[in-house]
Amino acid sequence: MGPGARYALRSVASGLGTLLFVVVFNFFLFRMLPGDPIGLYTRGRNVPPEQIEALRAELDRPLLEQFVTYLANPFASTINSARYNQPVWTLIGDRVWATLLLVGTAIVLASILGTWIGIRAGWRRGERFDRVSTGVTLTLYSMPEFWLGMILLITFGVGVGFVPGVFPIGGIITPGVDPTSLAGVLDVMWHMVLPVTTLMVVYLAEYALVMRASLIDELGEDYLTVARAKGLMDKVVRRRHAVPNALLPTVTLILLNLGFVVSGAITVETVFSWPGLGLLSYDALRGPDIALLQAIFLLFSIGVIVANIIADLLYAVLDPRVRA
Amino acid sequence: MSGPARTPAEPATAPALEARELEVRFPAGRGRWARAVDGVSLAVRPGQVVALVGESGCGKSTLARALLGLQPVHAGQVLVDGAPLAASRAGLKAYRRRAQLVLQDPMGSLNPRMSVYESVAEGLRIHGVGDEERRVAEALGRVGLRPPERFFARYPHELSGGQRQRVVIAGALVLEPSILVADEPVSSLDASVRGEILALLLRLREELGLSLLVVTHDLGLAWNIADRIAVMYLGRIIEEGSTDEVLGEPKHPYTRALLSVVPEVGRLEPVVLTGEPPDPAAIPAGCRFHPRCPLLRSGLPDEVVTRCHGRALPVLPVQGPHRAACHATDRASADS
Ligand SMILES: Nc1ncnc2c1ncn2[C@@H]1O[C@H](COP(=O)(O)OP(=O)(O)O)[C@@H](O)[C@H]1O
Ligand code: SF4
Ligand SMILES: [Mg+2]
């Protein structure tokens, strides 16, 4: 087995180890909450008696037995969400697409734009583009998400002074429009503009700053001088040598953020009433809707762990030093 | 003393590489300039090994970069085979095929993400030279990495320091240059492999007729490999001559101080230089060495002392007879 395969195996194994820990932790954490479990899971809502019976039957089983059942399939929770009175994984399955659409779009746009800005600024460090872009990204980076979202919502959704509020102030689609029609697709895109912009700006600032910093780190390296001495044009030195090496930290960051795709949008989804997992988490927390929280917690953890494994593996593909 | 065979200077041919009163400045804050290279004339004749020697920070690397067209110059000229270095992109690119650079730290000089083959082949690709694999193998073989194919797929982190520097040199040689500028080529290597790399450079000079400019802070190393030595202090060449002359009868008090601590020579009373480390943003008037000059402190005629403090010294002519920029020890300088 080569060092590459060994490295891959090691990172997958450690990822799976963490995953197992999270799964176990998730079981016990929610069972150790003080108070009557039935009351906790139903939060005094009007729940049909047969469901209460089922819940009691589930929770009255010996802890070890419950644990074994849970371990066999952590996603087969039989406990319904107290708030929505539906199986939690059905709820999550319905909501996950809206979030993936929102966060995925924002991350893709932010990575492209952010890396581009970071490269330009870092390569010509201290020049005008760098001073302006670094000032702007630092400002954006320090802006709270909800505040930025509110500003955009009020300015471009509601309208301020002569600025008309052209964008929808919330939701993913105008009620009654068929999402599979062309009009529906355009309508969804129209609804995406403000939340995607908010989220993108937040990620973008981070990517640009990290990319700039790692490119500047790379600029002093001798192999760039050697490449220039061999006759490589400045632009090509940047594209072929400096940027690929400086990309590593940014790629890792983007991948790790990908792990937060499902959870990262709680604030933005809440501000724009975007019907995704973020809004679902917010509602579940307000309840609190224990069964739903438990499932969401598990899903978010898995997202982060899987992204970590992918980042590890990709790092090895991109950097031969890691494989050694 | 017995150095390697010296090729005598041949004034008839134009130098392969020459600097004429070159100046390089860097902004040093508050409107001041650091004169890193402050009027340097220097020449390397075809097939010659010239050592550029001086303390760290005296401007050696900056001068080397300027000679390769990698550093904008403030004044003066770089000449290649007697013709001014072209400023056009095409002219510069053609020059960069002829002149190559080897730097101190071989780990840093190699892109960590590129295999040995890719690193060595890069120059060929830049200049559109065909027959890539044969040339890469030949270059690797020439620097002693044999069989070359075994090194193709290796990465820098898998090699030893000496092997890395050989790869760097192979990457320079693959373009069949006529000039090699080596900036401290062995100072980051283990003592045990230093000799091997130096021997390799000398062998390449013999085999390929390379002109070699070796930058070093180590006079002992210069003594081992150079035909001529130029001693640099605070942005200026302060002594220049053949190796035997400069090291056999050093004229400049600075050269004498440097030489006095070289174990290979070990026949001079060690002189420890005192005074502040020189600052290229505040070059002293008169002789730039006067605040630290042991000869001046040991007592000189008043008339000379006045000149040391007040009269600047001329830029030394290149590749002439042994010269030093000193009012007290070099008649020609004193008369100017
Ligand atoms: N890019 C740069 N910007 C500003 N100052 C520089 C730069 N490169 C070199 N210098 C300054 O020029 C002087 C000479 O540096 P260098 O040529 O590296 O010396 P050496 O190679 O002899 O150690 C030093 O004072 C250094 O601080
Ligand atoms: S000119 Fe004067 S100060 Fe300068 S090196 Fe000679 S003796 Fe020393
Ligand atoms: Mg140097």
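Each chain gets a letter, A, B and so on, in the order its sequence line appears, and its residues count up from 1.
Neither the backbone nor the side chain of Arg125(B) comes within contact range of chain A; no heavy atoms are under 4.5 Å apart. At a 4.5 Å heavy-atom cutoff, the contact between Ala99(B) and chain A is made by backbone atoms alone.
By the neighbour-count criterion of 12 heavy atoms within 6.0 Å, atom CZ of Phe26(B) is densely surrounded, having more than that number from other residues, nucleotides or ligands. Surrounding CZ of Phe25(A) are at most 12 heavy atoms belonging to other residues, nucleotides or ligands under 6.0 Å away. Few gaps surround CD on Glu132(B); more than 12 heavy atoms of other groups in view lie less than 6.0 Å from it. The number of heavy atoms from other shown groups lying within 6.0 Å of CZ (Phe146(A)) does not exceed 12. Within a 6.0 Å sphere centred on CZ of Arg89(B), other residues, nucleotides and ligands contribute 12 heavy atoms or fewer. For Arg32(B), the CZ atom is densely surrounded, since the number of other residues' heavy atoms within 6.0 Å is greater than 12.
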Result block: side-chain N/O donor-acceptor pairs under 3.5 angstrom for residues 79-88 of chain B, not counting sequence neighbours:
{"unit_1": "Asp81(B)", "atom_1": "OD2", "unit_2": "Arg98(B)", "atom_2": "NH1", "d": "2.5"}
{"unit_1": "Asp81(B)", "atom_1": "OD2", "unit_2": "Arg98(B)", "atom_2": "NH2", "d": "3.2"}
{"unit_1": "Ser88(B)", "atom_1": "OG", "unit_2": "Gly91(B)", "atom_2": "N", "d": "3.0"}

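Among residues 217-234 of chain A, the residues having any heavy atom closer than 4.5 Å to a heavy atom of chain B are, in sequence order, Glu221(A), Asp222(A), Tyr223(A), Thr225(A), Val226(A), Ala227(A), Arg228(A), Ala229(A), Lys230(A), Gly231(A), Leu232(A), Met233(A). Of residues 108-115 of chain B, those residues lying under 4.5 Å from chain A by any heavy-atom pair are Gly108(B), Ser109(B), Leu110(B), Asn111(B), Pro112(B), Arg113(B), Met114(B).
Taking the side chain to side chain donor-acceptor pair (under 3.5 Å) definition, one finds that Thr252(A) meets it with nothing, sequence neighbours left out.
No other option in Leu101(B), Leu68(B), Leu70(B) has as many heavy-atom pairs under 4.5 Å with chain A as Leu70(B). Considering only heavy-atom pairs separated by less than 4.5 Å from chain A, the leading option among Arg97(B), Gln100(B), Arg96(B) is Arg96(B).
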